[in-house]
Every structure is written in C-alpha cells, then in structure tokens.
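Just so you know, these numbers use all the heavy atoms, side chains as well, and skip hydrogens, waters and symmetry mates.
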Amino acid sequence: MSVFLDRDSLDPAACLTAASGTLPVAANTKPLTFDEVYNQSSPTNCTVYCGGLAAGLSEELMTKTFAPFGNIQEIRVFKDKGYAFIR
C-alpha cells in the first residue's frame, strides 16, 4: 500500500499511534483498531507511525502535511522500510 501525504488525500488508516512500541507483525495477527491502540498509549505520547510510504517522499512534504496538527519536533524516516515516525 502506498500512502501519498498531502492535505487532501492523507490516509488516516495508514497512520497509527505508536505509543506501545508494538505493532502486529505476524501475517495472521489481527490488526489493532484505533481504539485499541489509543487505549494502550500514554497520555503524553505524541509520536505517529506512518507506514506504506512511497519511495522518494520528502520530509518537507510530511512536515507540511502534519504541521496543521501541531509542532513537528522530529521526523525519522526509514526509506528502505517504507515508514516514518513523526513526533
């Protein structure tokens, strides 16, 4: 799945709060719902996991996309894996 981050087509299902540090990895594991992830996260958590990123997606575009939701402190992109953490 590719996710193109812009204000009009941001796929919220592709971005999960990653507070628990654990995301389902086994193919037969049921994905967590938003409520399950939210209930496991710390009230002070501000890190968002974004997966399925298209190759060549710039940090500048991610910053512009997420800036309306708050101050961007850090973006860690794992280009070879196709995901990023935004804090």
Side-chain angles (χ1 to χ4, degrees):
M1 175 175 91
S2 294
V3 178
F4 299 95
L5 295 174
D6 65 45
R7 292 188 84 166
D8 298 319
S9 64
L10 181 63
D11 181 1
C15 297
L16 298 174
T17 305
S20 67
T22 60
L23 296 173
V25 292
N28 60 353
T29 302
K30 178 184 166 214
L32 296 174
T33 67
F34 172 82
D35 288 333
E36 290 169 331
V37 173
Y38 181 81
N39 290 333
Q40 292 177 23
S41 63
S42 163
T44 60
N45 177 54
C46 61
T47 301
V48 176
Y49 166 85
C50 291
L53 300 177
L57 185 66
S58 71
E59 286 187 34
E60 180 182 357
L61 182 56
M62 285 189 270
T63 300
K64 287 180 183 178
T65 300
F66 286 94
F69 302 101
N71 184 37
I72 305 299
Q73 298 173 354
E74 175 185 31
I75 298 177
R76 289 181 287 153
V77 180
F78 298 84
K79 292 179 181 181
D80 57 328
K81 306 271 186 183
Y83 65 85
F85 288 98
I86 302 169
R87 181 168 61 114

Closest heavy-atom pair, P68 versus T65, reported as atoms and distance to 0.1 Å, is CD-O, 3.3 Å
Using residues 74-86 as the side-chain source, report each donor-acceptor pair under 3.5 Å to any protein atom, sequence neighbours left out, with the distance given to one decimal.
from	atom 1	to	atom 2	distance (Å)
E74	OE1	R87	NE	3.3
E74	OE1	R87	NH2	3.1

Those residues that, when tested against S58, pass side-chain contact (heavy atoms from CB on, under 4.5 Å) (two or more places apart) =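 Once residues adjacent in sequence are excluded, the partners of S58 under the side-chain contact (heavy atoms from CB on, under 4.5 Å) criterion are E60, L61.
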Quick one: pull up [atom1] in [X] and [atom2] in [Y] and give me the separation to the nearest 0.5 Å.
X	Y	atom1	atom2	answer
C46	Q73	SG	CD	5.0 Å
Q40	N45	CD	CG	11.5 Å
F34	N39	CZ	CG	9.0 Å

